Amino acid sequence: SGEDATKVTEIDSNSGTDITRYARWNLTDLSWQTPLTAPEGGYNYTGKDITLSASVNATTAEVEYTWYKKNKDGDGYQKLETNTTGKFNIRNVSDSGTYKVDAAIEYVDDNGDTQQKNLSGADVEIVINRVALTVKAEDKSITYKENAPQYTYKYTGLVGDDITDVSKAEITEGTVSCDYVKGNPYKSGGYDIEVSGFTSDNYNINMESGKLTVQPVDVTKESSGVTVTLNTSIEYPYTGSPVTPEITVKDGETTLTSGTDYDVTYDDNVKAGIHTATVTFKGIYKGYVTREFTITKNSNYELRVKLDNW
């Protein structure tokens, strides 16, 4: 009860008189009921508090626990906290180190003086291990002739509170970049989006690249700026041989190259009548465009044939 002695009064069964007895509480030595320990191999980082704990044997007195961490140079300790719970929270890999906890109680001795009894704990090496985290550049897709997009990334492997608040993860952000700029030569396989420079005390970071896919320009869209011109004001008379009108293809003011940027095919372009030229695009362009032209009857040619076969 914390008093010097406990008074108990009882009635003597023989005499019937009251008998007073006194019981004095003797202070037992403090000892660790649950000493501070650490798991073999240490703790893995969880993104949440890791609670260290210790407790002494049962006592009616209030116990004060004082937590210490050894200085990195091994010379002395840093006092961290004094509490009555016997618990101390750590969280980050940087919290790894050598810890100890001391216990103390106060009591009143036989002379009525307040005394303190102390119990010192042993040094315990506490290790928090990093866990794996992947930083991956997100894939992007643009159309050739467009400006480079904004490059982004995502984390895979965040744990605990870091999932909802990544600032708690203590990650130093690096860069996400790509060597594509508007007007670069077209690459059918796209461009690599590189990730670099991400670091963290709490995570072993693996950085993965992404892919920038550059889509060909769709010439069927007005915004492509591609024009296909076949002069329909010119008559194309029947000759008995295929008629192949000249076709001009431009991207803005730039004239495109047949065989490199596009191919031209014709339907049965021998007989008189309306025919179709099909321009099929390739390389940095896609889609096709058709243009019609007319092969007119050639009366002189028909007359010559008739005379030749007279």
Side-chain angles (χ1 to χ4, degrees), residues 34-55 64-74 76-102 121-142 147-180 190-213:
T34 306
L36 174 64
T37 59
E40 185 177 353
Y43 298 94
N44 286 332
Y45 177 74
T46 63
K48 293 182 177 292
D49 286 341
I50 296 170
T51 301
L52 309 179
S53 63
S55 63
E64 283 194 343
Y65 297 90
T66 303
W67 291 86
Y68 299 89
K69 183 179 181 182
K70 184 173 283 188
N71 295 325
K72 289 184 177 181
D73 59 7
Y77 294 84
Q78 174 189 1
K79 182 178 178 180
L80 302 173
E81 180 180 294
T82 298
N83 59 46
T84 59
T85 64
K87 300 180 185 298
F88 183 75
N89 291 332
I90 58 177
R91 185 182 190 277
N92 298 309
V93 171
S94 59
D95 293 329
S96 298
T98 301
Y99 289 79
K100 80 183 189 86
V101 58
D102 293 345
D123 286 356
V124 177
E125 187 70 21
I126 304 294
V127 175
I128 303 177
N129 302 303
R130 291 186 178 96
V131 294
L133 177 71
T134 297
V135 184
K136 186 182 185 310
E138 295 186 292
D139 294 336
K140 300 290 181 179
S141 179
I142 61 171
N147 291 322
Q150 181 177 359
Y151 301 115
T152 56
Y153 60 89
K154 64 179 179 180
Y155 294 122
T156 301
L158 291 171
V159 295
D161 296 334
D162 299 351
I163 297 172
T164 54
D165 185 358
V166 72
S167 65
K168 294 183 177 180
E170 297 191 354
I171 297 172
T172 300
E173 292 187 3
T175 59
V176 183
S177 61
C178 179
D179 61 4
Y180 171 82
Y191 292 79
D192 289 331
I193 305 172
E194 301 291 349
V195 182
S196 62
F198 284 76
T199 61
S200 173
D201 284 339
N202 294 324
Y203 292 93
N204 288 319
I205 294 182
N206 175 47
M207 289 170 279
E208 294 184 1
S209 61
K211 185 68 70 175
L212 171 63
T213 301

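Note that the coordinates shown come from a computational prediction; the quantities given were computed from them, not determined experimentally.
The salt bridge (charged side-chain N to carboxylate O under 4.0 Å, His left out) test applied to Asp102 returns Lys100, not counting sequence neighbours. For Tyr68, there are no ring pair (Phe, Tyr, Trp, His ring centres under 6.0 Å) partners two or more places apart in sequence or in a different chain. Take Tyr155 and apply the ring pair (Phe, Tyr, Trp, His ring centres under 6.0 Å) test, not counting sequence neighbours, and it matches Tyr153. Every residue two or more places apart in sequence or in another chain that forms a side chain to side chain contact (heavy atoms under 4.5 Å, CB included) with Thr84 is listed here: Glu62, Glu64. Shown here are the salt bridge (charged side-chain N to carboxylate O under 4.0 Å, His left out) partners of Lys168, two or more places apart in sequence or in another chain: there are none. Every residue two or more places apart in sequence or in another chain that forms a side chain to side chain donor-acceptor pair (under 3.5 Å) with Thr175 is listed here: Ser196. Contacts of Ser55 classified as side chain to side chain donor-acceptor pair (under 3.5 Å), with partners at least two apart in sequence or in another chain: Thr34. Asp123 meets the salt bridge (charged side-chain N to carboxylate O under 4.0 Å, His left out) test with Lys70; sequence neighbours excluded. Scored by the side chain to side chain donor-acceptor pair (under 3.5 Å) test, Thr51 finds Asn89 as partners (sequence neighbours excluded). For Lys211, the salt bridge (charged side-chain N to carboxylate O under 4.0 Å, His left out) partners are Asp192, not counting sequence neighbours. Among residues two or more places apart in sequence or in another chain, the side chain to side chain donor-acceptor pair (under 3.5 Å) test is passed with Asp162 by Tyr45, Arg91, Tyr203.
Residues Cys178 and Tyr151 have side chains in contact (heavy-atom distance under 4.5 Å, counting atoms from C-beta outward). Side-chain atoms of Asn147 and Gln150, non-hydrogen and from C-beta on, never get closer than 4.5 Å to each other. Between Lys69 and Tyr77 there is no side-chain heavy-atom pair separated by less than 4.5 Å. For the pair Leu52/Asp95, no side-chain contact is recorded, criterion being any heavy-atom separation below 4.5 Å from C-beta on. Residues Ile50 and Ile128 form a side-chain contact, since some pair of their non-hydrogen atoms from C-beta on lies under 4.5 Å apart. Contact annotation: the side chain of Phe88 approaches that of Ile90 to within less than 4.5 Å [non-hydrogen atoms, C-beta and beyond]. A 4.5 Å side-chain heavy-atom check between Arg130 and Asp201 finds at least one atom pair inside the cut-off. When side chains are defined from C-beta on, Asn83 counts as touching Trp67, because their heavy atoms get closer than 4.5 Å.
With 3.5 Å as the limit, one finds a donor-acceptor pair spanning the side chains of Thr152 and Lys140. Between the side chains of Thr98 and Glu125, at least one donor N or O lies within less than 3.5 Å of an accepting N or O.
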If you apply the rule side chain to side chain contact (heavy atoms under 4.5 Å, CB included), what do you find for Ser200 with Ile205, and how did you get there? CA-CA 7 Å; Ser200 173; Ile205 294 182; 3.9 Å; yes
Verify side chain to side chain contact (heavy atoms under 4.5 Å, CB included) between Ile193 and Tyr180, making sure each step is shown before the conclusion. CA-CA 9 Å; Ile193 305 172; Tyr180 171 82; over 6 Å; no
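Judged as a salt bridge (charged side-chain N to carboxylate O under 4.0 Å, His left out), the pairs with a partner in residues 46-55 (not counting sequence neighbours) are, in order, Lys48-Asp161.
Taken from CG in Asn92 to CG in Asn202, the straight-line distance is 4.5 Å, to the nearest 0.5 Å. Here OH of Tyr191 is found 14.0 Å from OG of Ser177. Values are rounded to the nearest 0.5 Å. Expressed to the nearest 0.5 Å, how far CD of Glu208 lies from CD of Glu194 amounts to 11.5 Å. Residue Asn204 holds its CG atom at 9.5 Å from CG of Leu133, rounded to the nearest 0.5 Å. Note that CG of Leu36 and CD1 of Ile126 are 5.0 Å apart. Values are rounded to the nearest 0.5 Å. The OG1 atom of Thr199 sits 8.5 Å away from the CE atom of Met207 when rounded to the nearest 0.5 Å.
A donor-acceptor pair is defined here as one N or O able to donate and one able to accept, closer than 3.5 Å; no such pair exists between the side chain of Thr213 and the backbone of Ser141. For Asn129 (side chain) and Tyr43 (main-chain N/O), a donor-acceptor pair under 3.5 Å exists by modelled atom type.
Annotation for Pro149 and Leu212: closest pair CG-CD1, 3.9 Å, computed over non-hydrogen atoms. Looking at every heavy atom in both residues, Ala54 comes nearest to Pro35 through CB-C, 4.2 Å.
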